[in-house]
Asker: 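Once you've had a glance at the structure underneath, I'll fire off some questions.
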Number of protein chains: 2
Amino acid sequence: MDIDVLRSKTPEHWTRACAIRALTLDAVAAANSGHSGMPIGMADVATVLWSKHLKFDAKAPGWPDRDRFILSAGHGSMLLYSLLYLSGDAQITLEEVKNFRQWGARTAGHPENFLADAIETTTGPLGQGLATSVGFAMAEEILRGRFGSKVVDHHTYVIAGDGCLMEGVSQEAITLAGRYKLGKLIVLWDNNGITIDGKVSLSDITDQPGRFRSAGWEVIEIDGHDPEAIDAALTRAKASAEPTMIACKTHIALGHAAQDTSKGHGALTNAEQNTEAKRIWGWTGAPFEVPGDVKSWWEDVGARGAADREAWEGRFAGLSDSRQREFSRMMAGEAPKKLASVIRALKKQVSESAPKVATRKASEMVLEVVNPVLPETVGGSADLTGSNNTLTKDMGVFDVENRKGRYVYWGIREHGMAAAMNGMALHGGVRPYGGTFMAFTDYARPAMRLAALMQCPTVFVMTHDSIGLGEDGPTHQPVEHLAISRATPNTLVFRPADTVETAEAWEIALTQTGTPSVLSLTRQNLPTLRLEHKTGNLTAKGGYVLADAEGKRQVILIATGSEVEIAMAAREMLQAEGIGCRVVSMPCFELFAQQDEAWRRRVLPAGPVRVGIEAATGFGWDRWLLGERGREAKAAFVGMDGFGASAPAEVLYEKFGITAANVAAKAKALL
Amino acid sequence: MDIDVLRSKTPEHWTRACAIRALTLDAVAAANSGHSGMPIGMADVATVLWSKHLKFDAKAPGWPDRDRFILSAGHGSMLLYSLLYLSGDAQITLEEVKNFRQWGARTAGHPENFLADAIETTTGPLGQGLATSVGFAMAEEILRGRFGSKVVDHHTYVIAGDGCLMEGVSQEAITLAGRYKLGKLIVLWDNNGITIDGKVSLSDITDQPGRFRSAGWEVIEIDGHDPEAIDAALTRAKASAEPTMIACKTHIALGHAAQDTSKGHGALTNAEQNTEAKRIWGWTGAPFEVPGDVKSWWEDVGARGAADREAWEGRFAGLSDSRQREFSRMMAGEAPKKLASVIRALKKQVSESAPKVATRKASEMVLEVVNPVLPETVGGSADLTGSNNTLTKDMGVFDVENRKGRYVYWGIREHGMAAAMNGMALHGGVRPYGGTFMAFTDYARPAMRLAALMQCPTVFVMTHDSIGLGEDGPTHQPVEHLAISRATPNTLVFRPADTVETAEAWEIALTQTGTPSVLSLTRQNLPTLRLEHKTGNLTAKGGYVLADAEGKRQVILIATGSEVEIAMAAREMLQAEGIGCRVVSMPCFELFAQQDEAWRRRVLPAGPVRVGIEAATGFGWDRWLLGERGREAKAAFVGMDGFGASAPAEVLYEKFGITAANVAAKAKALL
């Protein structure tokens with residue numbers, strides 16, 4: 001690459017782009033860690049995108065109809081921080097850039113959505129940004145379908161690297177985007193031919209344009225250092241009805257000694273080489289210094305969108321008051337007041353009629369009353385609609401011809417679904433929930449973790465939550481998945497015991513604004529155990545006394561979900577022998593842990609023998625069994641200590657010893 | 001589809017294939033659960049493949065040079081069970097077929113490799129069979145490269161469904177196969193256009209042939225009910241230098257009332273419809289009855305391979321004795337005797353030289369001495385070779401022109417790598433290990449779970465195992481991943497504290513035959529703590545006393561990995577104040593739990609205050625802190641209770657309070 005030719009061809013563009021390059025080099029060198037090569041390589045693409053196409057207002061990063069910019073190749077975070085600082089973002093200041101990767105800085109190693117308003121999504125785990133962007137683009141389509149293009153009409157731009165495209169989730173993402181014809185999704189592939197281990201060809205020879213075309217995408221191939229070509233490609237992409245992938249041939253660490261090498265991917269900290277690179281670029285500023293004219297040009301770029309925003313505000317004001325309120329409420333993620341009343345009514349009705357249904361069916365009963373009053377819900381399933389019971393009447397199916405549809409057929413793409421749901425939640429205006437089998441939590445894990453980290457209130461509807469699913473056998477029977485979800489920070493894991501608890505769990509999940517929820521639901525039928533209607537949400541306490549001991553309290557049985565029924569039967573047996581037995585239903589460990597000590601002690605007083613019951617691994621149960629402070633109780637656990645097996649559910653419960661008789665026997669053995 | 005035309009065109013083939021169809025219908029109806037449509041739709045393909053191409057000997061299912069048959073669409077398990085029963089497998093008897101999906105049967109809902117010798121791999125979680133097959137095909141190439149094509153020369157055949165191809169892992173798998181030109185891998189795609197939720201087009205419009213071609217595959221498109229076309233395609237596929245995908249256009253549940261519908265995917269249990277389907281097929285046998293001539297033709301198919309096997313045995317006998325022994329040892333998965341001695345020598349040397357290195361580096365030191373004496377190891381990394389330290393000198397790189405190479409550049413494909421490693425382990429003859437960052441356990445999870453379920457001794461080298469990785473921040477910092485792996489049944493999770501423990505962990509991992517191992521290794525340097533050489537493997541005890549209390553034992557500190565150093569420093573502080581303090585290193589929870597009670601009580605006696613220290617969630621620690629039986633100790637935990645942050649490692653440890661001073665303070669507060 002002849003830098004001199006580039007410099008002389010479009011000198012102004014070159015200098016503006018070099019501001020990104022220089023800031024990147026300086027910040028990474030100061031931190032002595034980070035990734036220099038990608039921002040340097042993609043500076044031209046980013047400069048053209050931000051200055052000529054991206055609709056944003058640096059002073060109002062949260063403006064609803066802004067274009068979304070997603071740096072899927074999150075290790076190149078200095079690209080984003082440079083762009084934000086240069087264009088005048090109020091949070092990503094020069095001080096922050098200088099504190100790149102330091103404690104307390106907004107400029108974390110990888111972009112974190114919770115650290116600055118202008119960071120749309122956390123990226124870094126490769127492929128996630130791309131997969132999440134599908135949800136951003138879907139949310140835009142859905143809201144446009146509902147509120148019209150005068151109020152909702154923006155693009156989602158993604159910068160993705162080779163790593164993003166090699167991760168499997170990228171296939172799920174691009175085939176979803178192709179199927180649903182997300183024409184406003186534009187992916188700029190940083191085609192630099194380099195990974196950490198060496199050349200891409202070391203491990204991959206995929207014809208990426210061919211692959212994207214096979215998924216229904218428009219593909220444009222350009223020189224990623226040619227500003228005119230970049231501009232033309234973006235113009236064409238915006239006009240395309242299909243999602244567009246722009247393959248940008250670039251040179252990683254352009255102009256640096258490490259150019260076009262895997263060394264260029266990482267932290268370029270050699271002072272001499274860095275000085276030489278700046279000389280080659282023609283950059284004369286001191287470290288972290290951007291010439292006034294360049295900075296002011298960039299600030300104009302950041303201010304350009306103010307007019308767009310103001311025009312939008314005018315159009316928004318043209319909506320009726322109630323439509324404005326509805327839009328604002330949905331964007332804020334506030335649940336409508338009606339939610340509490342429909343949940344309460346359902347709980348009352350169910351406590352009276354006492355249906356015997358699977359909690360996946362109970363979940364559907366809840367959704368049937370919730371979806372009509374929460375127009376922001378967008379449901380879906382990874383090809384298990386009839387099993388997850390996620391589709392309710394009148395949602396309509398999201399499709400190319402029906403953008404208002406609120407149900408997404410995600411196909412067999414658990415990971416893509418989970419990531420896209422996060423994207424919807426981050427975009428705002430919609431509240432996503434989606435289903436698969438609990439065992440396939442595994443497939444969705446990387447995105448479920450990000451939901452927790454990014455503080456997305458995504459709802460994961462995980463049915464068939466134990467050996468109770470029966471004959472499909474151990475591949476489909478979760479054993480460790482409750483523990484996996486519970487071990488994850490900032491995640492609410494609900495395992496409701498009946499329809500009442502299911503309704504309560506949904507109420508909590510749908511009022512979260514910064515925490516995802518996992519609903520662990522049965523395939524098999526369960527009786528209604530909450531026969532006395534209470535208006536309060538007992539599940540919100542995490543654990544509570546479902547049935548207290550008669551006579552002296554000698555035993556406490558703690559159970560969740562389908563095993564609460566077993567605990568109740570064991571209690572009958574023990575009481576029949578004169579052994580006082582309390583049953584504690586514990587639908588949510590996390591919420592129980594959040595209660596004050598008085599509540600926890602009231603529910604689980606020291607002294608009585610404790611038996612925990614859950615058709616899963618006991619890993620993580622000891623806190624409740626042994627007592628939070630230790631020295632509280634003798635305890636046992638009835639559950640699984642290995643994988644399940646293929647057989648009818650009742651046989652499995654019997655063979656694995658998860659029975660009332662066994663629970664009673666274990667309790668008695670400890671007395 | 002006009003069944004009469006099919007029947008009359010190739011009547012003998014038709015009847016033979018219908019044996020599969022009828023057995024499937026009967027078994028699923030008897031179980032009242034399962035998946036009928038896929039075996040019915042793919043019966044023609046399977047019949048031609050097994051009778052004309054698949055190299056196998058029904059009487060010797062474990063013969064090393066057999067072709068491997070992998071039913072990636074594992075829900076269609078009755079296809080495999082029918083084929084095995086018909087062709088005379090000794091384990092899958094008619095009785096087993098009649099007991100489909102019942103307790104104790106070998107005919108589980110999804111094929112389980114540990115239930116019958118002829119089942120190569122567990123399938124069911126979609127895409128896994130396809131991804132695993134890549135490892136089978138690689139192992140074949142590697143062994144052929146080493147032992148020659150007279151001894152190793154077989155194909156890997158896969159039947160994959162739409163679900164397999166929609167899962168992201170399929171993209172990682174097919175791009176690996178394309179890159180490494182695995183010409184002996186042949187995938188038969190059951191292109192029936194139906195998923196559970198409806199038509200494939202409901203959620204996917206991918207041009208699959210185009211997609212496979214973009215990954216470097218040969219693609220052949222055929223009518224999957226035309227035996228001549230199937231035969232010709234297989235012949236062509238076997239001649240191809242590239243991996244081949246045969247797109248077989250089929251009709252799910254062919255001839256049944258549910259044909260070509262999503263209902264046909266599941267259990268077809270309507271007696272009347274089933275009778276009518278058999279009538280249309282021209283099948284007159286009673287339930288589970290196969291006409292003698294048809295059964296005997298199938299048994300001939302099963303016997304056909306005996307000659308191949310005998311010829312192979314002759315060729316194998318032509319190898320030198322030592323080569324034969326080596327091949328047999330490697331296929332049996334037995335570690336060579338030299339392993340113990342090189343590990344012992346390294347431990348001795350390291351105890352003396354006391355290096356201060358990261359355990360990822362320690363792991364490399366171990367591999368440097370192990371790989372030369374274990375020619376069966378195949379290492380690799382998901383594009384983090386220099387970070388995972390998985391490549392040692394003289395391994396050679398596996399490539400199209402170097403099939404003997406023992407190192408695989410997996411690219412940014414953690415999931416594909418993990419699945420392929422399982423395939424290698426299942427194929428036998430090679431012992432796979434592969435690295436990525438510990439946080440990306442998430443990406444590999446579905447295959448890591450299958451490793452445990454399938455009893456594969458795969459070794460997962462997970463480096464950068466805590467906030468100790470520093471500036472990359474919370475996306476890259478594992479918090480819950482130790483808990484995730486520990487919660488998984490049949491998995492050994494090692495978190496060694498220094499180079500000695502790392503060597504011991506590797507020794508255990510490399511001698512497993514039925515259990516995968518996770519090595520959790522640091523990025524940051526750690527001192528050598530095991531300064532006194534012991535020939536025995538202390539890590540094999542799971543936990544042991546690293547330093548005992550001086551004076552009265554008042555405190556026990558339990559720590560793993562990088563936090564053992566902190567525990568030792570805290571001990572110094574406490575002892576300086578006259579508080580007797582024991583430090584227990586606990587590199588493997590699972591092995592500690594397997595020790596007899598005497599050992600566990602010796603290491604963790606009741607009474608003294610306990611503090612657990614691990615830079616991770618405390619979820620799962622209470623068993624050791626509170627005492628297995630409860631009432632044993634007052635306890636505290638020093639670790640993480642949320643996600644990490646981006647900053648230098650030392651700053652993070654300080655800010656999150658994982659310090660010796662804090663540990664000492666917590667212990668004192670409990671006294």
Side-chain angles (χ1 to χ4, degrees), chain A residues 33 101-103 108-110 124-126 163 166 168-169 171-172 175 179 195-197 202-207 210-211 214-216 383 385 409 411-412 415 442-443 445-446 449 453 471-473 475 480 483-484 487-489 617 619-620 622-623 626 630-631 633-635 642-643 646-647 651, chain B residues 33 101-103 108-110 124-126 163 166 168-169 171-172 175 179 195-197 202-207 210-211 214-216 383 385 409 411-413 415 442-443 445-446 453 471-473 475 480 483-484 487-489 617 619-620 622-623 626 630-631 633-635 642-643 646-647 651:
Chain A
S33 97
R101 292 181 155 236
Q102 304 309 307
W103 178 263
H110 293 82
L126 293 175
M166 287 170 83
V169 71
Q171 182 67 14
E172 301 185 21
T175 53
R179 166 60 185 82
T195 73
I196 291 175
D197 275 356
L202 191 67
S203 59
D204 191 54
I205 55 165
T206 306
D207 164 18
R211 174 194 176 203
S214 79
D383 199 46
T385 295
Y409 284 110
I412 299 125
H415 196 175
D442 286 350
Y443 280 80
R445 255 301 292 177
R449 179 177 211 247
L453 177 59
E471 293 89 341
D472 273 341
T475 52
E480 68 274 40
I484 287 173
T488 307
T617 175
F619 193 84
D622 290 312
R623 179 172 182 191
L626 303 174
R631 296 181 176 278
K634 288 192 194 168
F643 292 109
S646 172
V651 177
Chain B
S33 96
R101 293 183 154 235
Q102 304 309 306
W103 178 263
H110 293 81
L126 293 174
M166 287 170 83
V169 71
Q171 181 66 13
E172 301 185 22
T175 54
R179 166 61 185 81
T195 73
I196 291 175
D197 275 354
L202 191 66
S203 59
D204 191 53
I205 54 165
T206 306
D207 164 19
R211 173 193 175 203
S214 78
D383 198 47
T385 295
Y409 284 110
I412 299 125
R413 303 183 183 95
H415 196 177
D442 286 349
Y443 279 82
R445 255 301 293 176
L453 177 60
E471 294 89 341
D472 272 343
T475 53
E480 67 274 40
I484 287 173
T488 307
T617 174
F619 194 84
D622 289 313
R623 180 172 181 189
L626 302 175
R631 295 182 176 280
K634 286 192 196 170
F643 293 108
S646 172
V651 176

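So that the names make sense, note that chain A is the first sequence line, chain B the second, and so on, each numbered from 1.
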Asker: State, yes or no, whether a side-chain contact exists between A:Q171 and B:R211 at a heavy-atom distance under 4.5 Å.
Answerer: yes
Asker: Using every non-hydrogen atom in the two residues, find where B:M166 and A:E172 come nearest and quote the distance to one decimal.
Answerer: O-CG, 3.6 Å
Asker: Measure across B:D197 and A:D383 and return the closest heavy-atom pair with its distance rounded to 0.1 Å.
Answerer: N-OD1, 2.8 Å
Asker: Please rank A:G473, A:S33, A:A215 by heavy-atom pairs under 4.5 Å with chain B and give me the top one.
Answerer: A:S33
Asker: Against chain B, work out which of A:D472, A:T385, A:T175 has the most heavy-atom pairs shorter than 4.5 Å and name it.
Answerer: A:D472
Asker: Given the options B:G620, B:P125, B:P489, which has more heavy-atom pairs under 4.5 Å with chain A than any of the others?
Answerer: B:P489
Asker: Check for a donor-acceptor pair, side chain of B:E480 on one end and backbone N or O of A:A487 on the other, with a separation under 3.5 Å.
Answerer: no
Asker: Look at A:G210, A:S203, A:A647 and state which one has the largest set of heavy-atom pairs under 4.5 Å with chain B.
Answerer: A:S203
Asker: Under the rule for side chain to side chain donor-acceptor pair (under 3.5 Å), what residues qualify as partners of A:T206, not counting sequence neighbours?
Answerer: A:D204
Asker: If you compare all heavy atoms of B:L626 against all heavy atoms of A:R623, which two are closest, and at what distance to 0.1 Å?
Answerer: CD1-CA, 4.5 Å
Asker: Looking at A:P446, A:G163, A:G124, which makes the most heavy-atom pairs under 4.5 Å with chain B?
Answerer: A:P446
Asker: For chain B, which of A:G216, A:G109, A:G168 has the most heavy-atom pairs under 4.5 Å?
Answerer: A:G168
Asker: For the atom pair CD1 (A:I484) and CZ (B:F619), what is the distance rounded to the nearest 0.5 Å?
Answerer: 10.0 Å
Asker: Quick one: CZ on B:R445 to CZ on A:R449, what's the gap to the nearest 0.5 Å?
Answerer: 14.0 Å
Asker: Test of understanding: with side chain to side chain contact (heavy atoms under 4.5 Å, CB included), list the residues that count as partners of A:A108, not counting sequence neighbours.
Answerer: A:Y81, A:E112, A:L115, B:S646
Asker: If you count heavy-atom pairs within less than 4.5 Å of chain B, which of A:H415, A:H110, A:Q102 leads?
Answerer: A:H110
Asker: Going from CD1 on A:I412 to OG1 on B:T195, what distance comes out if it is rounded to the nearest 0.5 angstrom?
Answerer: 5.0 Å
Asker: Quick check against the 3.5 Å criterion: does B:Y443 have a side-chain atom that pairs as donor or acceptor with the backbone of A:L126?
Answerer: yes
